[in-house]
S.K.: 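Here it is, the structure, as structure tokens.
As a basis for the values below, the full set of heavy atoms in this structure was taken, side chains included, without hydrogen atoms, waters or symmetry mates.
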Amino acid sequence: MAERVHCLYRVSTTKQVDHDELNQADIPVQRKACREFAQKMGWIIVGEEQETGVSGYKVSADDRDKLQLIKKQAEQGKFDILLVFMFDRLGRKSDETPFVVEWFVKHGVRVWSVNEGEQRFESHTDRLTNYIRYWQADGESQKTSIRTKTALSQMVLEGRFRGGKTPYGYRLEKSGILNKRKHEVNRLVIDDEEAEIVRMMFDLCVSSGYGKFRLAHFLNDHGIRNRKGETWHDATIGAILHNPLYMGILRSGETCSEPFEELQIIKPELFDMAQSLMTQRTNENKEYRTLPLNTTGQSLLSGNIFCGHCGGRLTLTTNGKVYRQADGTPVKKKRIRYVCYNKTRHRADCDGQTGYTMHILDDIIVKILHQVFDRMIKSLLTPRETRCI
């Protein structure tokens, strides 16, 4: 009876998913090699799993869904042989992967590689060989990681685009420079139409106190769509407002370039001011906040006023009462009040009153502000000008 085989294919990056003649470990190559090997050995393939964009060095075996699925099927006795293109497709962690291989063998599953044969555990030498293989793979992964980080850091310092999704506000164009593979390299340039939207975001953030949620509503309400023609999401806008690229600064990890003027959409002063405003509005800085938390709404003090008895924040509450006019027509009158959050929610002891009518409290503050401004104006005027007021 032919032995049953389950195949596992893995690539670390999504770029390896499609066939690439320069990469001999992509998914199609692995699949073709495993199928041909199984046919030559007289085995029957009963299952195939593939992991795309999964690092065998950074991702633990416990967090790899496909590998866990294969282990579960091994426990159920659904196959006899686990076949991979190379053993490092099972992983590259020296402190983990050797024991994953041994786990399969202990559960009656033979582990084969198209290029390296069968991994046995019949002697101490077999176990040592198994460990050394993944110790070497672990070391190669560390070296590759260091080389990649170094190369990306060098790219950003030289003002070159490191790849990936093109940030909003920019587009790619051919640079005329060839890489080692004789492919022309793309470079970032400012997209004038998108850059105007980015400038609008920062201007509204700084001048009008717009946050990411309000900006998303503003853009969507005005029919301004993102690059895909879809509505804006607040998380996308938040990422834009915090991205130093708009000052012309390229970044890779902890490496940041000097500002490149040709990539600058936002002046550094405006960018820094936006960061300061957003930082002050975070909950972590509520004890030191000097800016208004809210800039919209019908109340003057919403989010910016506290109970004088317990220190809790006063929040808005709205309720309505129906009155009847002389002719019997019902009229609903809305009542808006500031209420002590601690007292209404029983969060803390508070001996103050529960609520304050919004328009009464707002009017008191407005009158005080007018008095303050009047005194300020008078202090700046000459005695003769003061008499003319």
Side-chain angles (χ1 to χ4, degrees), residues 13-15 53 145-216 218-220 222-282:
T13 65
T14 53
K15 293 180 181 179
S145 178
I146 293 171
R147 287 195 296 267
T148 301
K149 289 179 181 178
T150 302
L152 292 175
S153 297
Q154 188 62 36
M155 288 177 67
V156 301
L157 291 174
E158 294 174 358
R160 292 186 288 151
F161 181 52
R162 54 166 288 180
K165 184 179 178 181
T166 308
Y168 188 82
Y170 300 89
R171 57 183 171 81
L172 295 177
E173 67 176 27
K174 298 296 183 181
S175 65
I177 301 174
L178 301 180
N179 61 18
K180 294 180 180 180
R181 295 184 179 180
K182 307 302 180 184
H183 296 158
E184 190 171 4
V185 177
N186 292 321
R187 67 186 181 96
L188 276 181
V189 295
I190 293 176
D191 183 289
D192 292 334
E193 291 186 7
E194 292 184 354
E196 282 303 311
I197 306 300
V198 173
R199 294 188 186 100
M200 180 191 299
M201 292 180 189
F202 278 90
D203 286 340
L204 289 173
C205 175
V206 173
S207 63
S208 302
Y210 279 40
K212 59 183 181 180
F213 292 100
R214 192 175 173 194
L215 276 170
F218 176 86
L219 295 174
N220 295 333
H222 285 76
I224 301 172
R225 298 295 183 254
N226 62 20
R227 185 179 290 160
K228 295 181 180 180
E230 301 171 347
T231 56
W232 286 93
H233 191 276
D234 61 275
T236 303
I237 293 178
I240 289 175
L241 293 176
H242 289 290
N243 193 345
L245 175 60
Y246 297 106
M247 293 188 292
I249 297 176
L250 294 170
R251 179 176 60 184
S252 177
E254 296 180 357
T255 302
C256 293
S257 70
E258 293 295 321
F260 291 95
E261 189 173 348
E262 65 273 17
L263 294 177
Q264 189 176 96
I265 295 177
I266 303 298
K267 295 293 184 183
E269 299 80 11
L270 182 62
F271 185 88
D272 291 341
M273 193 175 296
Q275 306 315 300
S276 177
L277 290 171
M278 290 185 288
T279 299
Q280 288 196 48
R281 288 200 178 101
T282 59

S.K.: Please table the atom pairs, donor to acceptor, closer than 3.5 Å between any side-chain atom in residues 189-196 and protein atoms at least two apart or in another chain.
M.R.:
| from | atom 1 | to | atom 2 | distance (Å) |
| --- | --- | --- | --- | --- |
| Asp191 | OD1 | Glu193 | N | 3.3 |
| Asp191 | OD1 | Glu194 | N | 3.0 |
| Glu194 | OE1 | Gly169 | N | 2.8 |
| Glu194 | OE1 | Arg227 | NH2 | 2.9 |
| Glu194 | OE2 | Arg227 | NE | 3.0 |
| Glu196 | OE2 | Arg199 | NH1 | 2.7 |

S.K.: When rounded to the nearest 0.5 angstrom, what is the spacing between CZ in Arg187 and CG in Leu263?
M.R.: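 It is 9.0 Å, given to the nearest 0.5 Å.
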S.K.: In Å and rounded to the nearest 0.5 Å, what is the CZ to CG distance from Arg214 to Asp234?
M.R.: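 Taking CZ in Arg214 and CG in Asp234, the distance rounds to 15.0 Å.
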S.K.: Check Phe202 against Ile240 and note the closest heavy-atom contact, atom names and distance.
M.R.: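 Closest pair (atom of Phe202, atom of Ile240, distance): CZ-O, 3.7 Å.
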S.K.: To the nearest 0.5 Å, what is the distance between CE (Met278) and OH (Tyr210)?
M.R.: 16.0 Å
S.K.: Write down the atom of Leu188, the atom of Pro167, and the distance for their closest heavy-atom approach.
M.R.: CD2-CD, 4.1 Å
S.K.: When rounded to the nearest 0.5 angstrom, what distance separates SG in Cys205 from CD1 in Ile266?
M.R.: 10.5 Å
S.K.: Please report the interatomic distance NE2(His242) to CD1(Ile237), rounded to the nearest 0.5 Å.
M.R.: 11.5 Å
S.K.: Report the residues that fulfil side chain to side chain donor-acceptor pair (under 3.5 Å) with Arg225, sequence neighbours left out, ordered by chain and then residue number.
M.R.: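 Scan of Arg225 (side chain to side chain donor-acceptor pair (under 3.5 Å), adjacent residues dropped) gives none.
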S.K.: Taking the side chain as C-beta and beyond, is there a heavy-atom pair between Met247 and Pro268 under 4.5 Å?
M.R.: yes
S.K.: Quick check: closest heavy atoms across Tyr246 and Val198, and the distance to 0.1 Å?
M.R.: CD2-CG1, 3.7 Å
S.K.: If you measure from CG on Leu241 to CE on Met201, what distance do you get to the nearest 0.5 Å?
M.R.: 7.0 Å
S.K.: Kindly give the heavy-atom pair with the smallest separation between Asn243 and Phe271, and that separation in Å.
M.R.: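 Taking every non-hydrogen atom into account, O-CE1, 3.2 Å.
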S.K.: When you look at Thr231 and Asn226, which way does the side-chain contact (heavy atoms from CB on, under 4.5 Å) test go after all the steps?
M.R.: CA-CA 6 Å; Thr231 56; Asn226 62 20; over 6 Å; no
S.K.: Is it the case that the side chain of His222 and the backbone of Ile224 share a donor-acceptor pair, with hydrogens and angles ignored and the cut-off at 3.5 Å?
M.R.: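 No, because the side chain of His222 does not come within donor-acceptor range (under 3.5 Å) of the backbone of Ile224.
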S.K.: Nearest heavy-atom pair of Leu245 and Tyr170: which atoms, and what distance?
M.R.: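 Between these two residues, the closest heavy atoms are O-OH, 3.0 Å.
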S.K.: Leu215 vs Trp232, test: side-chain contact (heavy atoms from CB on, under 4.5 Å). Steps then yes/no.
M.R.: CA-CA 9 Å; Leu215 276 170; Trp232 286 93; over 6 Å; no
S.K.: Which heavy atom of Met200 sits nearest to which heavy atom of Leu219, and what is that distance?
M.R.: SD-CD2, 4.0 Å
S.K.: So with a 6.0 Å cut-off around CE of Met273, is the heavy-atom count from everything else above 12?
M.R.: no
